[in-house]
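Reading through the structure tokens given below for one structure.
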Amino acid sequence: MGEGKTKAAFAAAEILAARFGLNGVFVAMPTQATSDPMYGQVLEWVRSFDPALESQVALLHGKRGFNRRWVEIWWEGRPDTADQPDGSVWDDFGAIDEDEDFGWQPGTKAQEDAERAGPPVWFLGNKRGLLTPFAVGTVDHLLYAATRTRHVMLRFAGLTGKVVIVDEVHAADVYMRQFLLEALRWLGQAGVPVVLLSATLPPAQRQAFVDAYLSGVLGKADTEEPVPTPAGYPCVTSASAVDGRPVVESSRTPTPAWRNPVDTQIEWLADSDKEGAAVASAAREAVRDGGVVLVVVNQVDRAQAIYRELAKTQFDGQLHLLHGRLSTGHRAERTERCLRLMGPQAGDDRPERMVVVATQLAEQSFDVDADLLITDLAPVDLLLQRIGRLHRHVGTRRPASHSAPRVLVTGVSPGPEGGRPRFLPTSETIYGRWSLLRAAALVAEAAGPLDPEAGDGHRGSGVWSIPAVVPDLVARAYGEAPVCPEGWDEEAAFRTWQAKEEQRRERAREFVLTRPREWGTTTLEGLHYAGSRMKSEEDLNAVVRDGDSGVEVVLVCRGPAGFTALDGTRLGMHGEVVVDDVVERLLAGSVRLPAALSNDGRALKPLSGWAAHPWLRYARALVLEEGYAQLGKSRLSYHQELGLEEERG
């Protein structure tokens, strides 16, 4: 973590593009939140060899309209489009995947003027974003190209002729991985070089990715070319074909990290209470003499509760909350603020005392530097990713009390009589009991038993040597050998986990591009062997990610004078005031509902005044009256600092 993988990937992309005559790069990120910082890095890299290409870098996700740099490059200085025959607006805020056409009439003077004023707006049209020479977006855009859906050939056309970089590739769960493996097979067949990046990739996944790519390169359903165990860490594995034979190589000699391994103190902070009072108390105490603390928890409600607990005690220092139920505008502002205060260029702007409470948004591709990390227990690879935010940058000034990196692992408490640990119910739902049990066992090897009175009193070394210990911990966490103490029922938890994983694989196979074992075919003749399963792009967004991620709504407030946006901008009696600058402020109030409210959320409708607007006519309005909205059995409100809050029942 923080070793410079991204810059190494850019260097590799330049070499591969020159060697194979390619003319672009697509960088795939796990989330929208991680795509924005990467967009800035790609802009900086492209400027280093040709500043004129800056306008050929696209940002592909639905909230790009709130990325200031993207707006400056793609929109500023363009002519007004209010006189378009279809009444379209410049940005549809949905990027490349809505069913509506972009709105430009081919050959019109407006289109010609617009394209002279900046990047060709044609690339912003329906499903065209990947055709831009350089693109940064969520990994979903790559996964879409592996689905059995309409226009899949257009998506794939945008990937050919490019180098494809997939960052944080370990973040793909078993469901998403089926689409990623399928995409790798087709990319291999098309001769597209692929660079996969991860600091915490289990060996079995590395082998699966190599097998998939080589099956495409060689036109075979199975290759099973063993991946040599790399020597040392960090390491590189390469897979290619020479004269029709697979060639797989790994680092043969240890490659020293740019900084020496650091002993990171690992400690328990027993707490499985959703309110997180113990976490708030520990964070408050940690900054008593100064310091910057990052708290990463697995549940939005828990993050809000910890923030409230810190705020109500007149916390002495800066306090920030970052999670997925903030409005689009607020989340963009806070992410930018945290990166400025904790990032590599913070310098004198770094606060003397600060606590950032976050969910998994801060887990990876979040280039910040904390003095102390307090984190809920998570699977080992993700736990290590969170530790990667700790003492990350060289030269950061720190209080003497935080001169050495330290991690408090929480979200877990001792079971009865020293038995199996108790986890937060949400953590078990997200990650499964088996992976949490193994993570708890590996943490206990260093920190000692969660219950000091349990076991033989062995406390372990108390440290993980980061990054040297990373490959061993990840390999053990996902290996076959047991790691848990007797009495934890590890085997039963594994069987349950394994059965669920297989169910998720089977669900994904309903949508994967080709039949199993037909990866050697050279055409898309079998594309519709079971028919296209997608009816809308919203369905497609859901199909490549397992589970219900919630429905996005636009928050509006209703009073005696009519409707207003979340920031107070007047919308008229029926929401009819939808000129461009008002639409931007309105959509800044978009927020995603909790997954449990998805069915109720899908029943929401646009305001009547939005019917003629090309994008708003599809938006769902959640109307707050006197600050509240009733949805199903929940009462919802939006707080400026806490974000969307839910009162159940």
Side-chain angles (χ1 to χ4, degrees), residues 1-2 33 37 262-271 273 275-298 300 302-323 326 330-363 366-376 386-411 466 639-643:
M1 297 78 68
V262 177
D263 285 345
T264 301
Q265 189 72 29
I266 308 295
E267 303 174 21
W268 288 115
L269 174 61
D271 174 32
D273 180 8
E275 299 304 313
V279 173
S281 177
R284 190 184 303 111
E285 180 63 28
V287 296
R288 185 181 299 277
D289 297 322
V292 174
V293 174
L294 175 62
V295 179
V296 182
V297 296
N298 297 338
V300 172
R302 181 165 155 88
Q304 291 173 327
I306 293 169
Y307 180 92
R308 277 194 297 263
E309 184 69 23
L310 286 166
K312 76 179 184 182
T313 56
Q314 296 182 337
F315 176 75
D316 183 18
Q318 292 195 35
L319 181 60
H320 301 286
L321 177 64
L322 187 61
H323 59 73
L326 293 169
H330 289 159
R331 189 166 79 175
E333 291 170 3
R334 291 189 200 176
T335 300
E336 183 180 345
R337 188 182 310 138
C338 289
L339 289 170
R340 176 172 55 81
L341 296 175
M342 301 173 65
Q345 309 301 324
D348 293 337
D349 288 338
R350 186 178 174 88
E352 182 180 351
R353 292 181 182 85
M354 182 168 73
V355 174
V356 175
V357 183
T359 56
Q360 292 93 331
L361 293 179
E363 188 171 84
F366 191 55
D367 193 9
V368 297
D369 184 336
D371 298 324
L372 170 72
L373 173 68
I374 304 176
T375 173
D376 278 349
R386 298 177 187 185
I387 293 174
R389 313 310 114 191
L390 184 63
H391 284 233
R392 183 179 178 92
H393 302 140
V394 174
T396 301
R397 56 180 177 84
R398 310 182 196 278
S401 57
H402 294 297
S403 59
R406 180 167 161 250
V407 180
L408 302 181
V409 180
T410 186
I466 304 291
H639 187 277
Q640 186 80 6
E641 296 298 327
L642 293 168

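Numbering starts at 1 and runs along the sequence shown.
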- Query: At what distance, to the nearest 0.5 angstrom, does OG1 of Thr410 lie from CD of Glu267?
  - Reply: 12.0 Å
- Note: Leu310 and Ala280 closest approach over all heavy atoms is CD2-O, 3.4 Å
- Under 4.5 Å between any side-chain heavy atoms of Gln304 and His639, yes or no? no
- Are side-chain heavy atoms of Phe366 and Leu361 found at a separation under 4.5 Å? no
- Task: Pick out which of Ile374, Leu269, Leu390 makes a side-chain contact (heavy atoms from CB on, under 4.5 Å) with Val407.
- Result: Leu390
- Task: Quickly, which of Arg398, Arg397, His391 forms a side chain to side chain donor-acceptor pair (under 3.5 Å) with Asp371? Name it, please.
- Result: Arg398
- Message: Rounded to the nearest 0.5 Å, what separates atom CD1 in Ile306 from atom CZ in Arg308?
- Response: 10.5 Å
- Task: Could you tell me which non-hydrogen atom of Val295 sits nearest to which non-hydrogen atom of Ala283, and how far apart they are?
- Result: CG2-CB, 4.4 Å
- Task: Check whether any side-chain N or O of Ser403 sits under 3.5 Å from a backbone N or O of Ala400 as a donor-acceptor pair, and report yes or no.
- Result: yes
- Message: Please give me the minimum heavy-atom distance between Arg334 and Leu321, naming the atom from each residue.
- Response: NH1-O, 2.9 Å
- Item | Heavy-atom closest pair, residues Glu641 and Leu326 | O-CD2, 4.0 Å
- Message: How long is the straight-line distance from CZ of Arg406 back to OG of Ser401, given to the nearest 0.5 Å?
- Response: 9.0 Å
- Nearest heavy-atom neighbours spanning Gly276 and Asp271: CA-OD2, 3.5 Å
- May I ask you to test the Pro405-Val262 pair for a side-chain heavy-atom distance under 4.5 Å? yes
- Message: Could you measure the distance from the NE2 atom of His320 to the CG atom of Leu294? Nearest 0.5 Å is fine.
- Response: 12.0 Å
- Report yes if some heavy atom in the side chain of His330 is under 4.5 Å from a heavy atom in the side chain of Gln640; otherwise report no. yes
- Task: Tell me, with the steps shown, if Arg386 and Gln360 meet side-chain contact (heavy atoms from CB on, under 4.5 Å).
- Result: CA-CA 9 Å; Arg386 298 177 187 185; Gln360 292 93 331; 3.6 Å; yes
- Task: Would you indicate whether the side-chain heavy atoms of Leu339 and Pro37 approach each other to under 4.5 Å?
- Result: yes
- Task: Quick one: pull up CG in Leu322 and CZ in Arg331 and give me the separation to the nearest 0.5 Å.
- Result: 7.5 Å
- Side-chain contact, heavy-atom cut-off 4.5 Å: Val357 with Val355? yes
- Task: If a pair satisfies salt bridge (Lys or Arg N to Asp or Glu O under 4.0 Å) and one of its residues is in residues 285-297, list it, with sequence neighbours excluded.
- Result: Glu285-Arg288
- Message: I need the Arg302 CZ to His323 NE2 distance, nearest 0.5 Å.
- Response: 14.5 Å
- Message: I need the minimum non-hydrogen distance between Val368 and Arg392, along with the two atoms involved.
- Response: O-CD, 3.2 Å
- Test side-chain contact (heavy atoms from CB on, under 4.5 Å) applied to Val296 and Leu373, Ile387, Asp376, the passing residue: Leu373
- Query: Does any N or O in the side chain of His402 come within less than 3.5 Å of the main-chain N or O of Val293, such that one atom is a donor and the other an acceptor?
  - Reply: no
